[in-house]
Amino acid sequence: MSPGKGGDLRTESTGGRRVLVGALLSGALLGVPLLLLSTGAVVSSALPAGAGGGRTLATADPRARVILPGLQQVKFASPTTVPPTTTTVPPTTTVPPTTPPTTERPAVVTTTTTAAGPTNTATGLATWYAAAPAGYCASTSLPFGTVLTITDDATGGVITCRVDDRETAGPPHLVDLSPEGFSALEPLSQGVITVTVTW
């Protein structure tokens, strides 16, 4: 081996070492921050005047620092938790629906009043007879079918009956009642009472 060739070999091996060292440093410069990112560590450059000046690595604390000489300070922090936001919704006010005016006229209420027919009243005597059916009576002159209101003047008791027969005794007798009608006013044993007849 000649000296020229040996010198070339040294140069080549020195150049190869330089390339190898450069590749290692480049890998370390790129790989260490990525490794630290995955662990959540914080990287800070070491100051030459700082005490200790060495390397420090503590990954248990998310704010731990790795100090490598000659590197710029790079901080990697774990993501912070964003506090939940509270949104206050203003209360809603309810407006009552308005009713549109109606064009309909109110219904006309009609009342029909019939004038009461003339009221006729007579005072006299009332008796009873066994042949009269319940609810019927005999009158001296009123038309058959006329409804009479009989009021007992002594007690104020009131009954109604329909004329279906004639009273033949004449005044002061006004009406002959059925046994049921008479006993509603007075006992049958009384036989004759004073009444006011209205029709």
Side-chain angles (χ1 to χ4, degrees), residues 34 36-42 58-64 75-199:
L34 293 175
L36 293 176
L37 272 177
S38 68
T39 62
V42 177
T59 58
D61 184 2
R63 290 186 246 152
K75 292 185 180 181
F76 299 99
S78 60
T80 58
T81 306
V82 178
T85 58
T86 304
T87 306
T88 304
V89 178
T92 57
T93 56
T94 306
V95 178
T98 58
T99 306
T102 58
T103 55
E104 295 179 21
R105 289 186 285 179
V108 178
V109 178
T110 56
T111 329
T112 307
T113 345
T114 54
T119 302
N120 300 307
T121 304
T123 301
L125 298 177
T127 57
W128 62 274
Y129 70 108
Y136 290 90
C137 58
S139 170
T140 55
S141 61
L142 294 175
F144 290 169
T146 304
V147 176
L148 306 178
T149 301
I150 313 294
T151 305
D152 183 351
D153 290 348
T155 63
V158 177
I159 63 163
T160 59
C161 60
R162 184 178 303 271
V163 176
D164 74 337
D165 201 355
R166 289 288 170 227
E167 160 64 55
T168 57
H173 289 338
L174 294 177
V175 65
D176 274 346
L177 301 174
S178 67
E180 292 83 9
F182 191 92
S183 63
L185 299 174
E186 295 287 347
L188 291 178
S189 60
Q190 189 161 339
V192 179
I193 57 174
T194 303
V195 294
T196 301
V197 180
T198 308
W199 67 96

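Screening T194, V158, I159, L185 against D152 for a side-chain contact (heavy atoms from CB on, under 4.5 Å) leaves a single residue, L185. C161 pairs with exactly one of S178, S139, C137 by the side-chain contact (heavy atoms from CB on, under 4.5 Å) rule, that one being C137.
Atom-to-atom distance recorded for W199:CH2 and T119:OG1 is 10.0 Å, nearest 0.5 angstrom. Atom CG of L125 is separated from atom CD1 of I193 by 9.5 Å, given to the nearest 0.5 angstrom.
Listed here is the closest heavy atom pair of L188 and P179: CD2-O, 3.5 Å. In terms of heavy atoms, A126 sits closest to L177 at CB-CD1, 4.3 Å. Heavy-atom minimum distance, E167 versus T140: CG-CG2, 3.4 Å.
Contact of the T198 side chain with the T151 side chain is not registered, since no non-hydrogen atoms from C-beta on lie closer than 4.5 Å. Side-chain contact between Y136 and E180 is absent, with no heavy-atom pair separated by less than 4.5 Å. By the 4.5 Å heavy-atom criterion applied to side chains, D165 and Y129 are counted as neighbours.
With sequence neighbours excluded, no residue satisfies side-chain hydrogen bond (donor to acceptor under 3.5 Å, both in side chains) with D164.
Proximity of a side-chain donor or acceptor of R162 to a complementary backbone N or O of G145 within less than 3.5 Å is detected.
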